[in-house]
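Sequence lines set the chain letters: A, B, ... in the order given, protein chains first and strands last, and positions in each chain run from 1.
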Amino acid sequence: MQPYKPDNTFDKLVSLCKRRGFVFQSSEIYGGVGSTWDYGPLGVELKNNVIRAWWRAVVYDRDDMDGLDSAILMNRLVWQYSGHEATFTDPLVDCKSCKKRFRADHVTGPRCPECGGELTAPRMFNGMFRTHVGPVEDESGLTYLRPETAQGIFVNFLNILQSSRRKLPFGVAQVGKAFRNEITPGNFTFRTREFEQMEIEYFCKPPRFLKEGEKSDEQLHEEWLQARFRWYVGLGIDPARLRQREQEPKELAHYAKRTVDIEYLFPGSLGWSEIEGVANRQDYDLTAHSRDVPDDALARLKLARNGHSTEKLEYYDESYADPQTGKKGAKYVPFVIEPSAGATRATLAFLCEAYWEEQLSAPAEEAVAPLREAAAAALRNIAKRIAEAEKRPAEAVPTPEQLRAIESALAAAVAGLPDSLLSFDGACGLPGADRLDLVKKARAACARLCDEHTRVVLRLHPALAPVTAAVLPLKKNEPAIVETAQRVKKLLQADFRAVYDDTAGIGKLYRRQDEIGTPFCLTVDFQTLQDGTVTVRDRDTMSQQRCAIDGLAGLLRSRIAGWPAPAVRQENA
RNA sequence: GCGGGUGUAGUUCAGUGGUAGAACGUCAGCUUCCCAAGCUGAAUAUUGUGGGUCCGAUUCCCAUCACCCGCUCCA
């Protein structure tokens with residue numbers, strides 16, 4: 001039966017994350033603290049694997065990249081000259097009648113542009129967390145928790161250039177925490193005040209210094225965009241839920257020549273949302289942090305003169321020859337392509353993408369009969385509610401549209417019984433359904449059957465899965481089997497995250513691993529004791545093959561390396 | 001920050017002005033040679049937090065915190 005992604009996948013994922021140890025609310029025992037989350041035993045494995053896969057793809061698998069890990073605390077002047085002190089401190093005004101909020105510089109005049117109501121006085125909002133370096137809390141020690149990791153790369157440009165002996169074009173990758181005092185955090189880990197970025201600053205020649213056959217900043221921008229898009233697809237994101245969105249000229253940051261967002265279609269109300277932005281920042285940042293910049297360059301980039309920096313962040317290009325004079329060599333500020341991804345956002349996207357429910361067997365007709373009755377009663381009630389709601393559609397809760405959606409989904413699910421348990425449950429969980437007592441009753445009747453006949457499976461790419469292999473004894477009261485299984489686990493732990501579990505029957509052990517996305521379950525049985533082979537069970541297809549214990553590591557490695565896209569696995573299942 | 005909603009066991013949810021139940025999950029033992037089987041037993045909730053009304057509040061009221069939805073903002 002077809003895998004199923006319920007409409008309330010997001011809610012189900014949140015509780016799975018808590019239940020299984022992926023994500024916990026921070027400081028929970030003290031009532032929590034707004035929009036901060038902790039990654040549990042499985043969550044930290046997943047997030048680390050996302051970061052590791054990214055680092056491998058953008059550093060190890062290329063010839064033109066190095067890494068960096070710069071400090072979270074930096075000199076306040078970094079944020080002054082980067083422009084963050086100015087742009088992260090926006091005066092905001094509220095309308096007293098319609099309660100809408102606007103940036104003060106976007107409003108002309110003293111009235112609300114929407115309703116003409118009276119506006120409050122502008123109030124300052126600082127998006128950066130302030131902190132003090134040193135024991136005295138005065139202005140002299142003031143600085144900020146970094147709102148992006150990028151600046152650490154820019155201010156280290158000369159250090160990296162000298163120590164790595166790089167030639168343009170080359171790039172620097174960095175992973176780390178960043179902090180923004182969001183006005184409106186929310187959507188679980190999607191928008192948080194503390195988050196983790198995976199950023200690349202890729203330095204290249206400005207257009208006028210290009211030689212014949214060299215790639216322009218625009219070409220490199222496009223190449224990075226496609227490479228980053230492919231990365232998500234290669235790790236299992238369905239391209240149908242991934243898109244590139246060109247930023248409109250008016251939403252472009254002032255330093256950007258072009259920015260394309262990579263957006264993922266999250267379930268529920270979040271919908272299409274940015275998980276990475278690929279920007280062409282031109283020579284803005286390196287120039288901003290340079291001393292002795294000519295006035296015409298400052299004017300072009302709308303920058304103030306930098307009276308504090310001790311360096312000019314330039315590149316000396318030995319191979320350049322002036323086309324007019326033939327003079328060799330040139331000094332210039334490189335352009336920058338910035339693929340800036342959210343590690344925590346990507347982790348959430350991979351989780352959403354991986355979440356599937358599957359019905360594995362059909363319940364007997366007599367077990368389904370109560371479900372049909374409950375649904376029939378609920379449908380009669382909904383028809384009545386629709387008639388009532390249509391008399392006063394404006395104030396009806398649920399709305400007529402919600403009621404009709406529940407009605408049609410529920411009717412379709414009943415028609416599909418006994419194979420449509422999941423869509424039955426899904427219909428009962430649609431928005432507004434929690435207000436309908438008879439629907440809740442029908443859902444309760446369905447819950448037991450769902451429990452018995454369905455499974456939850458995280459179809460994570462094996463490179464991302466928190467556990468790669470679970471070693472399970474078929475019988476736990478058979479010492480030879482248990483000992484062998486424990487030995488197999490020890491054998492594999494050198495190469496993979498492997499676990500051993502014997503605390504339930506084999507069926508339950510499989511389901512547990514399915515729910516946390518473990519791609520391989522290795523089962524030690526009686527045949528193992530005779531011929532030294534175990535069964536390797538595939539998470540997605542539930543199919544099994546036998547493999548000698550000695551060959552396990554090799555088999556897993558090759559299965560992971562050749563891991564096909566989810567759609568392909570679906571067809572072959 | 002504004003408006004609406006929610007907050008009861010690990011999770012999903014019942015329930016009541018007289019100190020809380022279920023299902024699943026978890027743990028232990030028995031049993032079981034392949035997909036949440038069965039049997040026996042166990043642990044887990046000062047009903048988000050603080051205050052008020054009341055003889056008595058989880059239930060009513062107020063405040064606060066957190067989460068969700070919608071604005072606003074945003075990489």
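- Distances were taken from every side-chain heavy atom of A/T523 (C-beta onward) to each of B/A36, B/C34, B/U11; the shortest belongs to B/C34.
- For A/K18, the salt bridge (charged side-chain N to carboxylate O under 4.0 Å, His left out) criterion is met by A/E28, not counting sequence neighbours.
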Anything under 3.5 Å between a protein N or O and an N or O of nucleotides 6-9 of chain B, put it in a table, one pair a line.
none

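- B/A63 is paired with B/U49 under the criterion used here, namely a Watson-Crick or G-U wobble arrangement in which both key atom distances are under 3.5 Å.
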Could you give the side-chain donor-acceptor pairs of residues 504-511 of chain A under 3.5 Å, partners two or more places apart or in another chain?
residue, atom, partner, partner atom, Å
A/Y510, OH, A/T523, OG1, 2.7
A/R511, NH1, A/T454, O, 3.4

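- The nucleotide B/C55 finds its pairing partner in B/G18, both defining distances of the Watson-Crick or G-U wobble pair being shorter than 3.5 Å.
- At a cut-off of 3.5 Å, with distance as the only test, no side-chain donor of A/Y264 or A/E274 sits close to an acceptor on the other residue.
- Side-chain atoms of A/T503 lie closest to B/A28 of the nucleotides B/A28, B/C34, B/A23.
- Side chain to side chain, A/Y144 and A/E85 meet the donor-acceptor criterion of an N or O pair below 3.5 Å.
- If you look at A/W356 and A/Y4, their ring centroids are not closer than 6.0 Å.
- The closest side-chain heavy-atom distance from A/F266 to A/W272 is not below 4.5 Å.
- Counting distance only, with no hydrogens placed and no angle test, the side-chain atoms of A/T535 and the base atoms of B/C34 include a donor-acceptor pair under 3.5 Å.
- Comparing atom distances between the A/D451 side chain and each of B/C24, B/C69, B/C34 picks out B/C24 as nearest.
- Pair check for B/C39 finds B/G29; Watson-Crick or G-U wobble, both atom distances under 3.5 Å.
- In a base pair of the Watson-Crick type (N1 to N3 plus N6-O4 or O6-N4) or a G-U wobble (N1-O2 and O6-N3), with each distance short of 3.5 Å, B/G10 is matched with B/C24.
- Summarising the base pairing, B/U44 is matched to no nucleotide, lacking a Watson-Crick or G-U wobble pair whose two defining distances lie under 3.5 Å.
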